[in-house]
Amino acid sequence: MSTELPTDLPKTYDPAAIEAATYKTWLDEKCFHAEPTDAGEPYSIVIPPPNVTGALHLGHAINNTLQDILIRKARMEGKNALWIPGLDHAGIATQAVVEKTIKEKEGKDRYSLAETPEKSREELVRRIWKWKQQYGDRIIGQLQRLGCSCDWDRQRFTLDEQCAKAVRETFFKLFKDGLVFRGKRLVNWDTHLQTSISNDEIYHEKIKTNLWHIRYEIVDSEIRGTGGSPVSAGKDHGRAARATEIPNPSDSLRPTHMTVATTRPETLLGDTAVAVHSQDPRWNWAIGKSVRLPLIGRLIPIIADDTLVDPTFGSGVVKVTPAHDPNDYAVWERHRNLPDAIEIINLLNPNGTLNENAGPYAGLYRNKSREKVVADLEAAGLLAKVEPYETEVGHSDRSKTPVEPYLSDQWFVKMAPLAEPALEVVRDGTIKFFPERHAQQYLSWLGEKRDWPISRQLWWGHRIPVWKKHFDSKREFWGTPGSYQDEVNDWLSLLGNEGIIAVGYVHDADASKGLQRIYPDKGGFTAYVCPPSDIVPTLTDTQVELVALIEGEGFTQDPDVLDTWFSSALWPFSTLGWPESTPALAKWYPTSVLLTGRDIITLWVARMVMMGMYNLGNAEGRMQNAELKTPSSGSSANPQSAIRNPQSSGIPFAHVAINPTILDGKGERMSKSKGNGVDPVDIIDTHGADALRFTLATMATETQDVRMPVKKDSQGRNTSDKFDLGRNFCNKLWNASRFLFSNWPAGAALPAYPEKEAMSLADRWIVTRFARTLADANAAIASYRFDLYAKACYDFFWGDFCDWYLEIIKPTLKTPAGLTSLVVAVDVLDGVLRLLHPVTPFITEAIWGKLNELDPARLTCKRVSKRLCKSDWARTPPIDEESEHVFPRLQAIIGAIRNVRNDHKADPRKVLAVAIAAPGEAATRVAEANRGLIEGLATCTLRTLAPGAAPPAESVRVTVNDDCDIYIEGLIDPEAEKLRAVKLREEKTKLIAALKGRLANEGYVAKAPPKLIQETRDQLAAAEAELAKLG
RNA sequence: GGGCUGUUGGCGCAGUUGGCUAGCGCGUCUCCUCGACAUGGAGAAGGUCACAGGUUCGAGCCCUGUACAGCCCACCA
């Protein structure tokens, strides 16, 4: 492997030469594998499982790089660190992609893959598994190229057996607790394929049609109640202002009709209300009255809905067809539990024809029904106006036919009881977001507590473990062998030979009542049963006999599958073996942190918290929840009890770190569907994995998105100059190491680390700087500021270590005296390698190997493992405050001399004579003691002068550190010198004016901290002294 | 429509509880191949911190408003 590096390292770092071999070594030596019995406190992360839809892009690369930084650091800190990798089956997206390729290659749709529908389903699922294998492997390959230190022995897939168990357990638990229910939902219905489709599969087409204005007659009778209060979601619409308080037109002026405009007149057959704005004086007097529905004469209420209705638009009246329009459906939902609740009427058959609710129009297709309705309206004189109109109509991507909003029965999860505790743990700080502002999105979304529709009309996913059977009568139900009602639990059960094989509820024939715990009575009903998860933990293989028992009774399984996010929500514990109580679960749950993008805070993060608390919160956790909800009641409540124990609350993680979104050069989000994703492997090929990782880390600021302009290289790969930053840094690291190695004493081990007294000022300074850097880096990573971590490393290594320290020790390294510095330098390099390893694992591991090769005795030290990834995190060396204070003064002297040289265009090789008049004896001694350092870096010969001594003739003066004069001889360029003096004088004059102004401000002198005022005075004095010297 | 973010030298970005002459990388300009590195070294130029108010002794930072750009979610009878 990489330790077999050639003794003469190549001049330029070549990532390709070491990356693959290094990664293989890590795998071979199981460096990333963790066992619950391993030593160290637990530290764990679960990967946000990438979709198997396609390959990873840079957005995944940044997310996984940051996770790897945390895991590698934790591992080096001696923690029992586990990073669980895995993939998401991504229901809709994956099935759509595979169906599309089948359609393109074979011209078949999913129903015609085999002779029977059931066989076609099996065939499609088989083919998607094949796809999953192919893309899953590619994704894993990408993660490994990136250097991710996942425990590959624990790889999971959201559709694998273990995840299936977690899904079954959770579903049954929810079902049993009455949190899964059957409800109505508008879906996008493809009437041609007779299936629902997702939003992604809809394209919009501009259609020229008409806007029909239809007159509805106002009827004075109230259908129910008083019309209720205006429903308003907007915070500004005053609830206080009642409709009746608004002055109305006098009765005689009130119109007798309302005119509504619609592009779909046929839907009026399903209207169940018309809505107006509560503050609209034209109409609010009518709230609570009714209108007569044209053509069929049904009376429907006039309601107020300030969310739906924009009083400034059109007539200010909107017809409400809850079953056939998403907005109108929202109206129905909003009013559902209010006095002015409205009906919901479905007009559509699955094939797109109107059903019996459409009365005389039943059986007609969309266009035919529209024509007839319009004609009938016209005949009845109820058509006020017809104007041409252009609108966008959603079409199914597959059948190319218009999509209908269609009311269908779906399974839902009741959110309110699950959401409340999940809200509480974020509100009370048990779970923290980084950056904090992202908590807001979580809270506002979860706060709506909208029930979660979990069934999907797909074949790829966890099939819903519910079987149903329709019974015509109670008698028929009791005729089913093994069926009985459970008196205690209030549900029905089916008995097999060995006990209960399923429990469930019955569903009233009246669909609007939903699923309830009622017993079959008159008429027909549907019974829904779910086999308990302890006897049917998965729905595969071994459980088929039990399933057969249920089906033997004439029950059929729901054809739908669960929403992908259902299994994703269980990810933090399903990956650790839940529902079994495994050692891994005990050790690593809750996980330490979740790193993800902000777009899935709602879809994923919130649901993981909910399901974690629901499934793993124990009695103690729940009790604490209860206490928190009523803080005033407990007189003896001590403040400590408010801090919830993460273990008992069941939360899946305490920290949620949100990484920025990567946008392309045009500012658009990278995604597979847009095709603008950049494969990280392309960047790894052009720049190396470490360069990619390092650069991505510097971009992980607290901002919400970063732009990544990419270009094609000569071989057609995507690349970007941005990654030069990381590549150059790696090359610098490589060469600095190479330099130290080339100065290694031949065939000898290094001497012991020197005592402080034996170290030079520069030695002590660089060690101190490293200590500061390490502290900064630790703090940065602890707060998930990966950019600050990378920057601290970069500035220290390049700026301090290479530019200053190595340049200082370079001339002396071959001398015996220089050996001390070499020892210090190598020790700092050792620390730097540890510090950088989490972000640039490959190159640091390679250099580490070389270091061990040169100094095998190192390996006997406890802190050094043969592999850097298994070695200890850097430890903090002592701080030397004196060097920290003095060394920058020497840097300033050198900088000033270099500056003057450059201004005078002196030959860089010309050794100048320089005299320093340091301000005091101590300063003079420091200059003397570091004469070699100054002479070397400023290319000069140095003598020191007593303060105030006469300056050498023909010299250029420059003052640094306020009071240290430097005289540089041998520069004969009066013109340049004059320019310099003029510029300097200008600067000082300006500065003096500013400082004087500040001190003249009475408020400043009176209120600013004294230390600050003194500083200002000192500066003023120095500036005035300098100006005086300039003459 | 709701939520969020950004606006700092040519470009891409830092700037942590307000406090010295606002930093970094790329690019530009001058000089340098002297044995770690030209994916390099030494230096330089370049910014009234989007705009308008306010708070303060003091504002890139805090408050209010405006403009522009963008992201996420929901989408118009």
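For the P atoms, the distance linking B:C49 with B:G23 amounts to 14 Å, nearest Å. B:C71 sits 23 Å from B:G15 when the C1' atoms are compared, rounded to a whole Å. For the C1' atom pair drawn from B:U66 and B:C75, the interatomic distance equals 27 Å after rounding to whole Å.
Not a single donor-acceptor pair, N or O on each side, falls under 3.5 Å between the base of B:C37 and the side chain of A:Lys11.
Listed by first and then second residue, the salt bridge (Lys or Arg N to Asp or Glu O under 4.0 Å) pairs that reach into residues 791-812 of chain A are A:Arg769-A:Asp800, A:Lys791-A:Asp795, A:Glu807-A:Lys810, sequence neighbours excluded.
Toward the 5′ end of RNA chain B lies the nearest nucleotide of A:Arg437, the other residue of the pair A:Arg437 and A:Leu725 mapping further downstream. Both A:Lys791 and A:Gln440 lie close to RNA chain B; mapped to their nearest nucleotides by heavy-atom distance, the more 5′-ward contact belongs to A:Gln440.
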Protein and nucleotides 42-49 of chain B: nitrogen or oxygen contacts under 3.5 angstrom:
{"residue": "B:A42", "atom": "O3'", "partner": "A:Arg898", "partner atom": "NH1", "Å": "3.4"}
{"residue": "B:A42", "atom": "O2'", "partner": "A:Asn902", "partner atom": "ND2", "Å": "3.3"}
{"residue": "B:G43", "atom": "O4'", "partner": "A:Asn902", "partner atom": "ND2", "Å": "3.1"}
{"residue": "B:A44", "atom": "OP1", "partner": "A:Asn899", "partner atom": "ND2", "Å": "3.1"}
{"residue": "B:A45", "atom": "OP1", "partner": "A:Lys983", "partner atom": "NZ", "Å": "3.3"}

For nucleotides 11-14 of chain B, list the nitrogen or oxygen atoms of the protein found under 3.5 Å from its nitrogen or oxygen atoms, one pair per line.
{"residue": "B:G12", "atom": "O2'", "partner": "A:Lys722", "partner atom": "NZ", "Å": "2.8"}
{"residue": "B:A14", "atom": "OP1", "partner": "A:Thr701", "partner atom": "OG1", "Å": "2.7"}

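For RNA chain B, each stem of at least three Watson-Crick or G-U pairs (distances under 3.5 Å) is given as range with range: B:1-7 with B:67-73, B:10-13 with B:23-26, B:28-32 with B:40-44, B:50-54 with B:62-66.
In terms of the salt bridge (charged side-chain N to carboxylate O under 4.0 Å, His left out) criterion, residue partners of A:Glu702 (sequence neighbours excluded) are, by chain and number, A:Arg785. Contacts of A:Glu977 classified as salt bridge (charged side-chain N to carboxylate O under 4.0 Å, His left out), with partners at least two apart in sequence or in another chain: A:Arg980.
Shown are A:Ile968, A:Asn899, A:Ile893; of these, the side chain to side chain contact (heavy atoms under 4.5 Å, CB included) with A:Val958 is made only by A:Ile968. A side chain to side chain donor-acceptor pair (under 3.5 Å) with A:Asn659 holds for exactly one of A:Asn63, A:Thr596, A:Thr701; it is A:Asn63.
Using a cut-off of 4.0 Å between Lys/Arg side-chain N and Asp/Glu carboxylate O, A:Glu1026 and A:Arg985 are scored as not salt-bridged.
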